[in-house]
Number of protein chains: 2
Amino acid sequence: MSLELTPVQTVACCSPLSREPLSETEAEGIAPLLKALGDPVRLRLMSLVASHEGGEACVCDLNDAFELSQPTISHHLKILHEAGLLERSKRGVWVYYRAQTDALKDLGALIGGQGR
Amino acid sequence: MSLELTPVQTVACCSPLSREPLSETEAEGIAPLLKALGDPVRLRLMSLVASHEGGEACVCDLNDAFELSQPTISHHLKILHEAGLLERSKRGVWVYYRAQTDALKDLGALIGGQGR
DNA sequence: CGTAAATATTTACATCTGTCGATATTTAAG
DNA sequence: CTTAAATATCGACAGATGTAAATATTTACG
């Protein structure tokens with residue numbers, strides 16, 4: 001186990017953006033999550049996985065949804081995984097990614113949550 | 001008036017991430033918003049403004065909250081403004097930025113909204 | 001083992017990004 | 001008109017980012 005927190009582990013930390021100012025530390029923990037989602041390809045990947053039945057999808061299907069090389073999709077999936085937004089599981093030759101819906105829920109609340 | 005939509009004008013477009021896959025066009029409209037928030041300094045700026053009384057703050061106060069040069073803060077504010085997340089109004093020599101809370105609410109719902 | 005398929009890693013490269021110093025612009029006050 | 005203060009723009013630069021080609025790794029199957 002690691003003492004390092006993934007960005008996603010920090011997102012449940014704080015009251016909404018609009019309620020009180022984020023600390024520097026909080027902002028540095030959360031920004032990487034938003035940055036990970038701040039690319040059109042990754043945003044679609046996240047949506048494809050999250051909206052897929054079971055909240056899970058095979059890389060083989062994801063590759064076909066884009067006109068991008070396989071390494072590029074793999075690269076984007078890695079970024080979403082490292083942010084903690086996608087969980088990875090291998091079954092045979094296939095790799096499945098699962099959306100971390102709790103993280104999305106927390107992040108949504110942080111951004112859209114009511115202020116004072 | 002312009003035919004170009006700011007990113008923030010497109011965020012109320014669609015059902016949550018987890019409900020159905022975002023189209024390429026939708027993703028390209030929304031990703032810039034998340035990207036704008038995906039920097040620690042801008043995330044704190046957004047939070048400072050949004051949580052300030054009246055949802056509004058003067059640049060003069062924002063500059064003092066960071067150990068960064070004035071041009072750098074100005075640059076970040078411009079990015080948030082161009083994304084449509086901050087509204088700009090000048091009063092005398094001072095410039096005030098106001099949080100677009102509707103946009104934050106829509107974005108939060110898009111990310112954290114319930115899937116199927 | 002040898003081969004094929006799925007996915008990840010490495011390497012390279014053009015473009016983008018965050019930052020600052022210098023400078024410009026705008027406004028208020030003498 | 002001059003000056004000073006607040007903010008924006010410009011120019012430059014180191015470092016990050018998105019992409020693809022080539023290669024490696026892992027797994028299943030004969």
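Below, each value reflects all heavy atoms present in this structure, side chains not excepted, and no hydrogens, waters or symmetry copies. These numbers come from a predicted model, not from an experiment. Here is the naming used below: chain letters follow the sequence lines, and residue numbers restart at 1 for every chain.
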| query | How many Å lie between CD on A/Glu28 and C1' on C/dG18, as a whole number? | reply | 14 Å
| Just how far is it from atom CD1 of A/Ile79 to atom CG of A/Leu37, taken to the nearest 0.5 Å? | 11.0 Å
| What integer distance in Å separates A/Lys78:NZ from D/dA20:C1'? | 16 Å
| field | Short side-chain N/O contact from B/Arg91 to OP1 or OP2 of C/dT27, under 4.0 Å | value | no
| What about A/Gln70: does its side chain form a donor-acceptor pair under 3.5 Å with the base of C/dA8? | yes
| query | Taking only side-chain nitrogens and oxygens of B/Lys35, does any of them come within less than 4.0 Å of OP1 or OP2 of C/dT17? | reply | yes
| task | Please tell me which of the listed nucleotides, C/dT26, C/dG18, D/dT17, lies nearest to the side chain of B/Lys90? | result | C/dT26
| Inter-residue atom distance A/Leu34.CG - B/Leu107.CG, 0.5 Å rounding | 8.0 Å
| field | Whole angstrom value for the distance that separates C1' of C/dT9 from NE2 of A/His76 | value | 15 Å
| field | Atom pair CG/CG of B/Leu85 and B/Leu80 - distance to nearest 0.5 Å | value | 6.0 Å
| query | Are A/Leu68 and A/Tyr97 in one and the same hydrophobic cluster, where Ile, Leu, Val, Met, Phe, Trp and Tyr link if side-chain heavy atoms are under 4.5 Å apart? | reply | yes
| request: Compare the minimum distances between each of D/dT9, D/dG18, C/dG18 and the side chain of A/His75, then state the nucleotide with the smallest one. | output: D/dG18
| task | Send over the distance from B/Glu82 CD to C/dC16 P, rounded to a whole Å. | result | 15 Å
| task | Would you mind telling me which residue lines up with the more 5' stretch of DNA chain D, B/Val93 or B/Pro71, judged by nearest nucleotide? | result | B/Val93
| Rounded to the Å, how far apart are B/Phe66 CZ and C/dG18 P? | 14 Å
| task | Starting from C1' on C/dT9, measure out to CG on A/Leu77 and report it in whole angstrom. | result | 14 Å
In a table with atom names and distances, give each donor-acceptor pair under 3.5 Å that connects a side chain of residues 40-62 of chain B to protein atoms at least two apart or in another chain.
from: B/Arg42; atom 1: NE; to: B/Ala36; atom 2: O; distance (Å): 2.7
from: B/Arg42; atom 1: NH1; to: B/His76; atom 2: ND1; distance (Å): 3.0
from: B/Arg42; atom 1: NH2; to: B/Lys35; atom 2: O; distance (Å): 3.4
from: B/Ser47; atom 1: OG; to: A/Leu17; atom 2: O; distance (Å): 2.9
from: B/Ser47; atom 1: OG; to: A/Glu20; atom 2: O; distance (Å): 3.2
from: B/Ser47; atom 1: OG; to: A/Leu22; atom 2: N; distance (Å): 2.9
from: B/Ser51; atom 1: OG; to: B/Ser47; atom 2: O; distance (Å): 2.7
from: B/His52; atom 1: ND1; to: B/Glu56; atom 2: O; distance (Å): 2.7
from: B/Glu56; atom 1: OE1; to: B/Arg91; atom 2: NH2; distance (Å): 2.9
from: B/Glu56; atom 1: OE2; to: B/Arg91; atom 2: NH2; distance (Å): 2.7
from: B/Glu56; atom 1: OE2; to: B/Arg98; atom 2: NH2; distance (Å): 3.3

| Rounded distance in Å - OH (A/Tyr96) to P (D/dT27) | 15 Å
| Taking only N and O in the side chain of A/Arg42, is any of them less than 4.0 Å away from OP1 or OP2 of D/dG18? | yes
| query | Counting only side-chain N and O atoms of B/Ser69, is one of them less than 4.0 Å from OP1 or OP2 of C/dT19? | reply | no
| query | Base, sugar-phosphate alone, or nothing: which one does A/Ile73 contact when heavy atoms must sit under 4.0 Å apart? | reply | nothing
| Between A/Cys14 and A/Ile30, is any pair of side-chain heavy atoms under 4.5 Å apart? | yes
| query | Rounded to whole angstroms, how far apart are CG on A/Leu68 and C1' on C/dA8? | reply | 16 Å
| request: With the side chain of B/Asp39 defined as its heavy atoms from C-beta on, choose the nearest nucleotide among C/dG18, C/dT9, D/dT7. | output: C/dG18
| field | Nearest-neighbour nucleotide for the B/Val59 side chain, C/dA8, D/dT19, D/dA8 considered | value | D/dA8
| query | What nucleotide, of C/dT19, D/dT19, D/dA8, holds the atom closest to the side chain of B/Ser74? | reply | D/dA8
| task | Return the 5'-most residue of the pair B/Trp94, A/Thr72 with respect to DNA chain D, ranking by each residue's nearest nucleotide. | result | B/Trp94
| At under 4.0 Å, does any side-chain N or O of B/Tyr97 touch on OP1 or OP2 of D/dT7? | no
